[in-house]
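Here is the structure we will look at, set down as structure tokens.
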Amino acid sequence: MKKILQRICSLTLAVILVCANLPVSADAAFQIPGTCLVQTDTGAACTVKTLDYSYDNNAYLSLRDVAMALKDTDKAFSLKITQNSVTLTPGSAYKPVGAENVPWQDTKSPGITLRRNEFKVGSQTVFYYTMIVKLPSGYYDCFMMAADLAMILDVDMIVPAEGSLQINTQDSFHVSPDALEQAGYFYGVNSVLAGDATTGEVYYRYQSDAPYPIASTSKLMTCLLAMDAIYAGQIGLDDQVTVSEAAQILSSSSDGVIPLKAGQQVTVRDLLFGTLLPSSNECALCLAEAIAGSEENFVRLMNQKAADLGLSQAVFFNSHGLPSYTAAPIPSKRQNRMSAEDMFRLVSYLLRVYPQITDITSLQGAILKSFNKEVRNSNPLLYNLPGVTGLKTGTTNKAGACLVTSLTADDGVMEHDLTVIVLGTEDSIERGRVSGLLARYALNTFYERIDTGNTGSGETVDGETPQAPGRRPMHAEAAVDRILRTAKLLQLSNKQEQ
């Protein structure tokens, strides 16, 4: 069975590499029209139109053409496509609109932009980057990366020969990170790590011991210290914090997320939500000043906490992860940095000691009363993969696009927190795709090890299994439990979502 799974993983790699050979740019608008021969395991074969976005082999497939190829299989789906929205309904019969599986009549670039069009799978909103093209018939078609479609449909795709694609509807989606690494897939990424934060076991790592800028994923340390302060009774969720001039200036800058005015009163609760969901830099700064009196003092606490947790590659310069300039005549531009292994240690600790944090980070949105503002979670995987509970996005020019993902898996005895850390992708498109692939891999690995009875025996970051935290004071436990109840009250309904 293990050899079969390895074979499936290696075969799936081919389609991922063919369809994601080079990073894409969401600002570009040049496509190379083409076709490929798609075969299914039922024996059906047809022509599917493709668009290579910006680069050769960076192929996106016509959803209408693929729908026709799968219409008589267990993975059939129907489509409703408008100028800027797509609804894909699995298990529903596809109704042709004309020109499906017909090669391009005009080989000129359509000149459209890759963008995050509104996309629903059934009634569930998901986040994928697609291209929508108007057909000569007047209908619209949507072009999507093959790997993204394979994950949505949970099918195995392989490339048996150049210019062809085989869809195995009876095989589930699998991926092999080792094979991806050998093929150069991670050349455009600083580092990645996937593992079980509950046991400390690492499933896969790439350049995970080297420190890199971490952008707004720094806010996980800020929120850890905020939770420490709540537990210690130093601050309370309903405490009012006065916005400083520094926070107002940051709010008014190009990096501002939530408008703030000096002297404004905001609650610790809303600052915590604002820091974690829309990644508000000014909220992180307000938290730092409320806890330590100044950001300078807070940074010392951040670095001390990093040392206490054994994060040997971690260095913090501020509470939010933006570039930090020195006051010298020739200023140095510094950024918080950490290795993927250090981030895994930090996340493992955070989720063990303060599991309530995921009651915030798993929300798709919330209404913050202090700001009279609705905010959205910046994590795309919350929409694309069941079981995702957070945790944090981050982007700067130097750090690239980063994402720390947590998702739950159940071994029949207890729930585990699986973690995927992706640092330094070229853009948010690749950040979501790499994280999605590794999240699927982590889930597959977790459940395969349960099936084989080989659980908890793999490599860990530090060679030790994390220990359970000590019991916290009762008053602090009750205080943080209120976060859970507040999160449920603030969560937006699916109807509001859509």
Side-chain angles (χ1 to χ4, degrees), residues 175-222 224 299 302-317 321 323-324 334-352 391-407 416-426 430-431 434-435 437-439 441-442 445-446 449 456-467:
V175 63
S176 167
D178 287 327
L180 288 173
E181 180 181 338
Q182 292 172 14
Y185 182 74
F186 295 117
Y187 285 178
V189 181
N190 283 341
S191 63
V192 302
L193 186 148
D196 185 339
T198 302
T199 65
E201 184 178 3
V202 176
Y203 299 152
Y204 175 76
R205 66 179 90 200
Y206 171 76
Q207 297 184 169
S208 62
D209 59 346
Y212 292 99
I214 57 174
S216 282
T217 62
S218 304
K219 295 183 175 80
L220 292 176
M221 176 62 86
T222 297
L224 170 58
V299 168
M302 295 175 79
N303 286 310
Q304 182 58 54
K305 190 70 173 184
D308 293 343
L309 296 178
L311 312 185
S312 60
Q313 302 286 355
V315 177
F316 293 96
F317 298 101
S324 173
R334 307 169 303 182
Q335 296 198 40
N336 299 346
R337 66 179 186 268
M338 189 184 292
S339 68
E341 292 183 2
D342 279 348
M343 184 64 76
F344 184 64
R345 292 186 181 95
L346 173 61
V347 169
S348 297
Y349 179 84
L350 177 62
L351 292 178
R352 288 198 321 275
L391 281 169
K392 192 71 197 68
T393 58
T395 305
T396 66
N397 289 338
K398 181 67 173 177
C402 307
L403 179 57
V404 178
T405 303
S406 61
L407 57 159
H416 290 241
D417 291 304
L418 307 186
T419 300
V420 173
I421 297 158
V422 175
L423 302 180
T425 65
E426 184 175 272
E430 287 303 300
R431 171 178 71 186
V434 173
S435 297
L437 289 170
L438 290 175
Y441 168 74
T445 301
F446 178 83
R449 294 190 178 191
S457 58
E459 183 182 8
T460 62
V461 164
D462 51 15
E464 296 181 1
T465 300
Q467 299 298 312

Checklist entry - Do the side chains of Lys305 and Phe316 get nearer than 4.5 Å, heavy atoms only? => result no

Item to check | Between Phe186 and Tyr204, ring centroids under 6.0 Å | outcome: yes

Checklist entry - Is it true that Asp342 and Arg345 make a salt bridge, defined as a side-chain N closer than 4.0 Å to a carboxylate O? => result yes

Checklist entry - Roughly how far, to the nearest 0.5 Å, is CG of Leu391 from CG of Leu351? => result 5.5 Å

Next on the checklist: Using 0.5 Å steps for rounding, measure from the OG atom of Ser435 to the CG atom of Leu403.
Outcome noted: 4.0 Å

Item to check | Nearest-0.5 Å distance, CE of residue Met343 to CE of residue Met221 | outcome: 9.0 Å

Checklist entry - Less than 4.5 Å apart, any side-chain heavy atom of Val192 and any of Leu180? => result no

Item to check | Side-chain donor/acceptor of Asp417 to backbone N/O of Thr198, under 3.5 Å | outcome: no

Item to check | Ala215 versus Gly394, closest heavy-atom pair with distance | outcome: CB-C, 3.7 Å

Checklist entry - Taking only residues two or more places apart in sequence or in another chain, which ones pass side chain to side chain contact (heavy atoms under 4.5 Å, CB included) with Ser216? => result Lys219, Ser279, Asn281, Lys392

Item to check | Enclosure of Asp308 CG (heavy-atom neighbours >12, cutoff 6.0 Å) | outcome: yes

Checklist entry - So, for Tyr206 and Val189, which heavy atoms are closest and what is the spacing to 0.1 Å? => result CE2-O, 3.8 Å

Checklist entry - What residues form a side chain to side chain contact (heavy atoms under 4.5 Å, CB included) with Asp209, not counting sequence neighbours? => result Glu341

Checklist outcome for this item: dist Thr419:OG1 -> Tyr203:OH (nearest 0.5 Å) comes out at 10.0 Å

Next on the checklist: Looking at every non-hydrogen atom in both residues, tell me the closest pair between Val420 and Ala194 and how far apart they are.
Outcome noted: CG2-CB, 4.2 Å

Item to check | Closest non-hydrogen atom pair between Gly321 and Gln335, with its separation | outcome: O-OE1, 4.3 Å

Checklist entry - To the nearest 0.5 Å, how far apart are CG in Leu418 and CG in Leu407? => result 4.5 Å

Next on the checklist: To check you understand the geometry: which heavy-atom pair defines the closest contact between Thr217 and Ile214, and what is its length?
Outcome noted: OG1-O, 2.5 Å

Checklist entry - Pro211 and Arg337: which non-hydrogen atoms are nearest, and at how many Å? => result CB-CD, 4.1 Å

Next on the checklist: Side chains of Ser191 and Tyr212, heavy atoms from C-beta outward: is any pair under 4.5 Å?
Outcome noted: yes

Next on the checklist: Return the CG to CZ distance between Leu311 and Phe344, rounded to the nearest 0.5 Å.
Outcome noted: 12.5 Å

Next on the checklist: Quick one, Thr393 with Arg431, criterion side-chain contact (heavy atoms from CB on, under 4.5 Å). Give me CA distance, side-chain angles, the key distance, then yes/no.
Outcome noted: CA-CA 9 Å; Thr393 58; Arg431 171 178 71 186; 3.7 Å; yes

